[in-house]
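Take a look at the structure set out below.
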Amino acid sequence: KSILLSFDRIELNGTTYALLIANDITERKRLENEFISLVSHELRTPLTSMMGSLDLLSSGQLGGLTEQGQQVLSIGVKNAERLIRLINDILDLERIRSGKITMNRRSCNLADLMIQATEEMQAMADRSKIQLSTEPVSILLNADPDRIVQALTNLLSNAIKFSPAQTTVQMQACSSGHTPSVCISVCDQGRGIPSHQIQTIFERFQQVDTSDARQKGGTGLGLSICRNIIEQHGGRIWVESTVKQGSTFYIELPLNT
Ligand code: ADP
């Protein structure tokens with residue numbers, strides 16, 4: 001259930017009373033999510049077709065374009081790609097949140113997942129001149145390997161995006177026998193996150209800087225998707241960060257579940 005709490009006050013016979021109002025907004029939230037999903041589906045079809053047209057234009061099959069024409073076209077392609085990413089993220093998040101996608105859990109080795117995520121992000125790190133390193137740890141997990149790799153690549157991609165060249169991004173893991181669990185960390189030397197935003201960045205569409213979506217190509221949904229994936233595995237995700245020094249994101253997953 002989703003409950004919205006608000007405060008108000010009323011005056012009765014010269015006495016002021018404080019009112020605590022609880023609204024059940026479960027149905028409103030459900031309709032909101034349904035609406036988002038419907039609109040996104042409707043947007044994806046024409047957008048995919050538009051992408052096809054733009055691709056055809058840039059392939060040169062319909063005749064060459066002037067240099068300026070190519071430039072304008074590449075801006076169009078970039079923005080269409082951004083919209084597709086946004087719609088895919090919205091749909092993904094909605095499906096995970098609503099339980100339409102269930103985690104396909106099976107036995108997998110964390111080391112393989114760490115290596116796969118790093119390999120996927122290597123080209124991006126190279127382009128940004130960032131040294132990406134991983135210390136894979138061999139531990140058996142009962143998890144959805146694709147979704148864990150998705151969460152890890154998301155953290156690595158953010159670490160690279162928000163770090164200057166010639167810095168390092170490091171992924172490590174360690175297990176704790178106390179409450180059997182494994183903790184994976186992604187550490188960067190980037191711009192960091194102001195302390196008052198440490199909590200909100202895990203919410204939908206929350207970005208530290210409103211220009212992040214435009215300049216860094218993000219959607220503000222990545223961390224929300226990560227959190228949903230990790231929570232569906234019974235784990236938790238959090239971040240420790242110092243502005244201008246860097247951030248470390250942690251994912252803790254229970255073992256033996
Ligand atoms: P986005 O698609 O914008 O990256 P996310 O949900 O993944 O969306 O991240 C939300 C916001 O959190 C980002 O826009 C950025 O402002 C901040 N952020 C995430 N990771 C980092 C990081 N490693 N260093 C600094 N800021 C970060």
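Given the structure is predicted, the values throughout are model-derived calculations rather than measurements. In each ligand, atom 1 is the first atom listed, and ligand 1 is the first ligand listed.
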Q199 atom CD, neighbour heavy-atom count above 12 within 6.0 Å: no
Can you tell me which portion of Q197 lies within the under-4.0 Å heavy-atom range of ligand 1? Options are side chain, backbone, both, or neither. neither
Atoms in ligand 1 with a heavy atom of R191 nearer than 4.0 Å: 15 (C), 16 (O)
Of all the atoms in ligand 1, which lie at a distance below 4.0 Å from a heavy atom belonging to I193? 25 (C), 26 (N), 27 (C)
Give the atoms of ligand 1, by number and element, whose distance to some non-hydrogen atom of G220 is under 4.0 Å. 1 (P), 2 (O), 3 (O), 6 (O), 8 (O)
Determine yes or no for a side-chain-to-main-chain donor-acceptor pair under 3.5 angstrom, with S241 supplying the side chain and I193 the backbone. yes
Polar contact flag for L223 and ligand 1 (N/O pairs, less than 3.5 Å): yes
Could you list the atoms of ligand 1 found under 4.0 angstrom from a heavy atom of G192? 25 (C)
Looking at S163 and I160, would you say the former's side chain and the latter's main chain have a donor-acceptor pair under 3.5 Å? no
Gap separating the CZ atom of F7 from the CD1 atom of I21, nearest 0.5 angstrom: 9.5 Å
So for D188 against ligand 1, with non-hydrogen atoms under 4.0 Å, the contacting part is side chain
Say whether, by atom type as modelled, one donor and one acceptor occur between the side chain of T26 and the main chain of S2 under 3.5 angstrom. yes
Which of the ligand 1 atoms, numbered from 1, are nearer than 4.0 Å to a heavy atom of I201: 12 (O)
Would S224 count as being in polar contact with ligand 1, using the rule that some N or O on each side must be under 3.5 angstrom apart? no
Go through N109 and S138 one step at a time and tell me if the side-chain hydrogen bond (donor to acceptor under 3.5 Å, both in side chains) criterion holds. CA-CA 6 Å; N109 193 331; S138 187; 3.0 Å; yes
May I ask you to decide if V169's main-chain N or O and Q131's side chain share a donor-acceptor pair within less than 3.5 Å? no
With atoms numbered from 1 as shown, which atoms in ligand 1 lie under 4.0 angstrom from a non-hydrogen atom of G222? 5 (P), 6 (O), 7 (O), 8 (O)
Does this structure show an ion pair linking D92 with R147, if we count only N-O contacts that are shorter than 4.0 Å? yes
Relative to the heavy atoms of L221, which atoms of ligand 1 are at a distance of less than 4.0 Å? 6 (O), 8 (O)
For F202, which part has a heavy atom under 4.0 Å from ligand 1: side chain, backbone, both, or neither? neither
Salt bridge between R30 and E27, side-chain N to carboxylate O under 4.0 Å? yes
Could you list the atoms of ligand 1 found under 4.0 angstrom from a heavy atom of S247? 24 (N)
